[in-house]
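Structure first, commentary second.
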There are 2 protein chains.
Amino acid sequence: MAHSTISDEQLLIRSAGVFRTYGFEGTSLARLSEATGLEKASLYHRFPGGKEQIALAVAQGTHAWLRQNVFEPLKEPGDPRKKLRTAIEQLRACYDDGTLPCAFEVLSLAGGSPELAGALKDALQAWIKAFTDIAKESGLPSAEARKRAEQAIIQIEGSLIVGRVLGDTKAFRKSLDELPALLS
Amino acid sequence: MAHSTISDEQLLIRSAGVFRTYGFEGTSLARLSEATGLEKASLYHRFPGGKEQIALAVAQGTHAWLRQNVFEPLKEPGDPRKKLRTAIEQLRACYDDGTLPCAFEVLSLAGGSPELAGALKDALQAWIKAFTDIAKESGLPSAEARKRAEQAIIQIEGSLIVGRVLGDTKAFRKSLDELPALLS
DNA sequence: GTCTATATTAAGATAGAC
DNA sequence: GTCTATCTTAATATAGAC
């Protein structure tokens, strides 16, 4: 491999793909090296903490991506139903139509550091809050909105797993299609 | 470690605990050895195919457990609501009140063999069928029963993940509590 | 900042004694 | 059927050249 440069953003996106495909324990520096085009020593230069630090950066990057593409757009002025449809399309792309596992799932299994677990929890709580707020904006009472928000994320996560086992993304697509009715 | 004997059933139960906790890739022969009390060479004596064969046996053992403790009891004569309540308590115990990940989830990530994927798919389809049948027995039309059955399993899987990330089993318990209304 | 080369540890897997 | 001992490969991690 000749000299290679890759932006921090691209590096994290490709690393996220590896972690989401193989899980935290199944991700090796060799696989990260192949996916990023950087030799292992170069990965250590950028992330002295190795795999654990990369996983933490992936979790924080996932939170940042959700903030920019889902949470913030949902806060802008406009029809809540329309904003939600846009957010759903972002999520559909994020999960590659249901074929790519969720970072929350694969990074939360035993093996990760407490910092990683904390970052995942922060990001998921922010997601629940974003969905709760849009449901409230659509007219649902506070407690019901919160319930529906959790239910929506549970459905996304669950349908990804059922779809993965059955080899069929139908369940995931149905879950996304039901979100507008669930969150309003 | 002195000589040790352990039944096939106990061996699979303890191995399942390791796989479900650390995932397929995170499960090493060393961890299986520690959990079962057998040296690595002894595990290879019983399972010449190594980790892959043990994972396959765990998947088949999970299917057998579900058949015996959930699917078959649901088929016996009696009030469907009462049978369902009993099945739910079995599932609650199986997931250790929501603290133990699901074998379908952790064994379906990339890394496993096609045989393993096939065994998981068979078991999950049987689970969907068992829930569909009990919903039909409760009076739901066939198509709706099938939809609710998938929804029930999606909720269980999703709530396990959300609960794991948030460090709170409330979502899982709520999912189980909602099953009777969902499947009748 | 990236590379080649290497050290160290752990994982998968087997041989052969008991 | 289980054990100790060993082999081979792969993983984490570092040193030092460019």
Check whether R164(B) reaches the backbone of E105(A) with its side chain - one donor and one acceptor, N or O, closer than 3.5 Å. yes
Examine distances only and state if a side-chain atom of S42(B) and a backbone atom of L38(B) form a donor-acceptor pair shorter than 3.5 Å. no
With a cut-off of less than 4.0 Å, is there a side-chain N or O of H45(A) near OP1 or OP2 of dG1(C)? yes
Quick check against the 3.5 Å criterion: does D96(B) have a side-chain atom that pairs as donor or acceptor with the backbone of G98(B)? no
Please state how far atom OH in Y22(B) lies from atom P in dA10(C), giving the value in whole angstrom units. 15 Å
Would you call the rings of F172(B) and Y95(B) parallel, tilted or perpendicular, taking 30° and 60° as the class edges? perpendicular
Charged N-O contact under 4.0 Å between D177(B) and R173(B): no
Using 4.0 Å as the upper bound for N to carboxylate O, is an ion pair formed by K174(A) and E150(B)? no
Please check this pair: side chain of R31(B) against backbone of G26(B), looking for a donor-acceptor N/O pair closer than 3.5 Å. yes
Kindly state which residues belonging to residues 108-115 of chain A come within less than 4.0 angstrom of DNA chain D, counting heavy atoms of the residue only, listed by number. none
Roughly, in whole Å, what's the span from CZ in F24(B) to C1' in dA11(C)? 13 Å
Look at the side-chain N and O atoms of R46(A) and state whether any lies under 4.0 Å from the OP1 or OP2 oxygen of dT2(C). yes
Atom pair distance, as rounded to whole Å: CG in L38(B) and C1' in dG1(D): 9 Å
Can you tell me if S42(A) touches the phosphate of dG1(C), counting only side-chain N or O atoms and a distance under 4.0 Å to OP1 or OP2? no
Distance-only, no hydrogens or angles: does the K40(A) side chain make a donor-acceptor pair with backbone N or O of L32(A) under 3.5 Å? no
Nucleotide dG1(D), atom P - distance to CG of L11(B) in whole Å: 12 Å
Quick one: what's the B/S/- string for nucleotides 12-18 of chain D, heavy-atom cutoff under 4.0 Å, read 5' to 3'? BBBB---
